[in-house]
Chemist: 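Got a structure here, written out as structure tokens. Questions coming.
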2 protein chains.
Amino acid sequence: MPRGRPRGFDREAALRQAMEVFWLRGFDNASLSELTNAMGLRPPSLYAAFGSKEALFKEAVELYVRTQGDGIWNEVPEAASAREGIARMLRATACAYTRGAEPRGCMIVLSAPQMQGTSPEVSEELRRRRAENVAVLERRLDRAVAEGEIPPETDCRSVASYFATVQHGMSIQARDGASREELLAIADCAMAGWDRLAGRTSETGAGQGEETRST
Amino acid sequence: MPRGRPRGFDREAALRQAMEVFWLRGFDNASLSELTNAMGLRPPSLYAAFGSKEALFKEAVELYVRTQGDGIWNEVPEAASAREGIARMLRATACAYTRGAEPRGCMIVLSAPQMQGTSPEVSEELRRRRAENVAVLERRLDRAVAEGEIPPETDCRSVASYFATVQHGMSIQARDGASREELLAIADCAMAGWDRLAGRTSETGAGQGEETRST
DNA sequence: CCTTATATGTAACGAACACTACAGAAATAA
DNA sequence: TTATTTCTGTAGTGTTCGTTACATATAAGG
């Protein structure tokens, strides 16, 4: 169906390799030669297929969110309770950040955290996605208020920011070499304040459950 | 007393300017021309006085720790209780990260968070300093156990990692534009789990105090 | 066949990077 | 004074950066 010479490489596979490089090295530290090496192609092919380094990064971020982030953030709206959703999100984070090989921590957090790199577009895109994650948490907490899981006087915005902050911090810990057990322990510590943060109206039997730290 | 031509600039003032640039932009993103511009000197003077970009950065980090970090971390060993020390550390963090102008968040966290920049030395140095902060927290918690403030079965290492994680995450939030009030609310949320994390043996009347969130 | 359209490899582009050779300037020591 | 030592400004070094011109290769449409 296409008119000219067909592409000689798998676009999706190449994008996946680019994602790994950006994830590991960040946007600015990832050089074109490093990217083309990992992707197995020459610069003109990269520019023909993706447009620019910046555009390639944006696609890589989308792929990251689609393939890596979903397993973490899907839990929040889908879980039966806000408490369970957030606890699962934190535990899934701990597992995702210590999965196998090198790239640990979150690409959205680590790719350009100074907000002062060569591309303001990239910084802003990542900030927007981080804010969206906070919003996901806040919406779930608002819903929990509406459903009577947590009391109406709960400061949903602050609580959402708090759990997002823990999740961001876990990226640094992961890059510093924290093990899965350590990250899981951190996740459990973060949940320890739930009753104080979101009252306790039983309803879901909030006092028990398996959220006590065991390590 | 010195033999040759005297230096034509204030070394400390120049180092302070360099610190600001590294703090705002990170190690790799801070270019030599940007540094020399901010410091008000030419490259040969910089290299004569500091040796290299990497050596300049290390001195800038020392200056940062000495002038910015002390106000935050001194509280931990000095406070009467571990609880008070950690709460003050988090509140001081919230204030420090929203002090006046641009550079927000922690230089130690934000300067090279990918651990994959051009200088492994720099990454390792920053990682070491982050680990030292965790150790400060853990030592204070150990002491609190010894003094009977918190129960002996407390997992001091995990609790220390947890509070360090919150502090790291606050750097990201600060760069994303969080206000002082938001960061203080996050700090209070982080402390909400204290009784669950470190038991409660009264001793310091842990149930009351001003740690309830107000915003 | 020829035309058109897209992809690829070679080989570069100008710009920015960290860094420095060199000569002159400004101080002390004799 | 002259010699010595250190700092400074000019003007570079070679390298790498992201990006692209250009010729060639490979497909479909006519």
Side-chain angles (χ1 to χ4, degrees), chain A residues 1-15 17-19 21-22 24-61 111-112 114 116-123 125, chain B residues 1-15 17-19 21-22 24-61 111-112 114 116-123 125:
Chain A
M1 203 62 108
R3 257 313 219 113
R5 174 173 173 177
R7 180 176 289 131
F9 62 93
D10 182 341
R11 194 182 189 278
E12 274 289 308
L15 180 57
Q17 293 305 313
M19 179 192 77
V21 174
F22 280 130
L24 182 66
R25 302 260 291 146
F27 177 74
D28 285 316
N29 290 331
S31 72
L32 249 303
S33 64
E34 197 177 355
L35 287 164
T36 52
N37 274 346
M39 299 165 81
L41 40 74
R42 249 58 59 193
S45 299
L46 190 155
Y47 279 82
F50 298 100
S52 68
K53 186 187 176 187
E54 194 171 305
L56 173 62
F57 179 78
K58 286 183 183 174
E59 279 202 56
V61 168
S111 285
Q114 295 96 6
Q116 292 278 146
T118 53
S119 166
E121 276 250 41
V122 161
S123 298
E125 160 88 357
Chain B
M1 203 61 106
R3 252 320 214 109
R5 174 176 175 176
R7 181 177 288 130
F9 60 94
D10 182 341
R11 194 181 189 278
E12 273 290 307
L15 179 57
Q17 293 304 312
M19 180 191 77
V21 173
F22 281 130
L24 182 65
R25 303 259 290 146
F27 177 75
D28 285 316
N29 290 331
S31 72
L32 230 31
S33 65
E34 196 177 356
L35 288 163
T36 52
N37 274 346
M39 299 165 81
L41 40 74
R42 249 58 57 196
S45 298
L46 190 156
Y47 279 82
F50 299 100
S52 67
K53 185 188 176 185
E54 195 172 302
L56 173 62
F57 179 78
K58 286 182 183 174
E59 279 202 55
V61 168
S111 285
Q114 296 96 7
Q116 292 278 143
T118 53
S119 167
E121 276 251 39
V122 161
S123 298
E125 160 88 357

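Side chains included, hydrogens not; waters and symmetry mates left out as well; all remaining heavy atoms used. Reminder, nothing fancy here: chain letters follow the sequence lines and each chain counts from 1.
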Chemist: By nearest nucleotide on DNA chain D, pick out whichever of G8(B) and G4(B) is the more 5' one.
Modeler: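 Taking each residue's closest nucleotide, the earlier one in sequence belongs to G4(B).
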Chemist: Return the minimal non-hydrogen interatomic distance between D28(B) and G117(B), and the atom names on each side.
Modeler: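 For D28(B) versus G117(B), the nearest heavy atoms are OD2-CA, 3.2 Å.
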Chemist: Please report the distance, rounded to the nearest Å, between CG in N37(A) and C1' in dT16(D).
Modeler: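 Taking atom C1' of dT16(D) as the reference, CG of N37(A) is at 14 Å.
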Chemist: Let me know the distance between CG of D10(B) and P of dC7(D), rounded to the nearest Å.
Modeler: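 It is 15 Å, rounded to the nearest whole Å.
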Chemist: Per the atom types in the model, does the base of dT6(D) pair as donor or acceptor with the side chain of R3(B) at under 3.5 Å?
Modeler: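 Per atom types, no contact qualifies.
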Chemist: Any N or O donor-acceptor pair linking the side chain of R5(A) to the base of dA25(D) at under 3.5 Å?
Modeler: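 Under the 3.5 Å cut-off, the side chain and the base do form a donor-acceptor pair.
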Chemist: Starting from the 5' end of DNA chain C, give me the residue, P6(B) or A30(B), whose nearest nucleotide shows up first.
Modeler: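 This one resolves to A30(B).
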Chemist: Once the angle between the rings of F22(B) and F27(B) is folded into 0 to 90°, is it parallel (under 30°), tilted (30 to 60°) or perpendicular (over 60°)?
Modeler: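 Because their plane-to-plane angle is under 30°, the rings of F22(B) and F27(B) count as parallel.
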Chemist: Report the distance from atom CD of E34(B) to atom P of dA15(C), rounded to the nearest whole Å.
Modeler: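 Computing the E34(B):CD to dA15(C):P distance gives 20 Å.
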Chemist: Kindly state which residues belonging to residues 42-50 of chain A come within less than 4.0 angstrom of DNA chain D, counting heavy atoms of the residue only, listed by number.
Modeler: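 The answer is P43(A), P44(A), Y47(A).
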Chemist: Taking atom C1' of dT8(D) as reference, at what distance in whole Å does atom CE of M39(B) sit?
Modeler: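 Computing the M39(B):CE to dT8(D):C1' distance gives 15 Å.
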Chemist: Rounded off to whole Å, could you give me the CG-to-P distance for the L32(B) and dG9(D) pair?
Modeler: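 Atom-to-atom, L32(B) to dG9(D), this comes out as 15 Å.
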Chemist: Can you check whether S33(A) has a side-chain N or O nearer than 4.0 Å to OP1 or OP2 of dC17(D)?
Modeler: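 Yes, S33(A) has a side-chain N/O under 4.0 Å of OP1/OP2 on dC17(D).
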Chemist: Using a strict cut-off of less than 4.0 Å between a Lys/Arg side-chain nitrogen and an Asp/Glu carboxylate oxygen, indicate whether K58(B) and E125(B) qualify as a salt bridge.
Modeler: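 Salt bridge between K58(B) and E125(B), a charged N being under 4.0 Å from a carboxylate O: no.
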Chemist: What is the distance, to the nearest angstrom, from the CD atom on E54(B) to the P atom on dC17(C)?
Modeler: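 After rounding, the gap between these two atoms is 18 Å.
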Chemist: Starting at atom CG of L56(A), determine the distance to atom C1' of dT19(D), rounded to an integer number of angstrom.
Modeler: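 Rounding to the nearest Å, CG of L56(A) and C1' of dT19(D) are 14 Å apart.
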Chemist: L32(A) vs L46(A), test: side-chain contact (heavy atoms from CB on, under 4.5 Å). Steps then yes/no.
Modeler: CA-CA 9 Å; L32(A) 249 303; L46(A) 190 155; 3.9 Å; yes
Chemist: Let's go through F57(B) and S111(B) carefully: what are the C-alpha distance in whole Å and the side-chain angles of both, what is the deciding distance for side-chain contact (heavy atoms from CB on, under 4.5 Å) to 0.1 Å, and is it a yes or a no?
Modeler: CA-CA 10 Å; F57(B) 179 78; S111(B) 285; 3.7 Å; yes
Chemist: Measuring to OP1 and OP2 of dC17(C), would you say a side-chain N or O of S31(B) lies under 4.0 angstrom away?
Modeler: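 Yes.
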Chemist: Step by step, work out the side-chain contact (heavy atoms from CB on, under 4.5 Å) result for M39(A) and L56(A).
Modeler: CA-CA 12 Å; M39(A) 299 165 81; L56(A) 173 62; 4.0 Å; yes
Chemist: What is the distance from CG of L41(A) to C1' of dT6(C), rounded to the nearest Å?
Modeler: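 The answer, rounded to whole Å, is 16 Å.
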Chemist: Apply side-chain contact (heavy atoms from CB on, under 4.5 Å) to residues L15(B) and D10(B) and explain how you reach the verdict.
Modeler: CA-CA 9 Å; L15(B) 179 57; D10(B) 182 341; over 6 Å; no
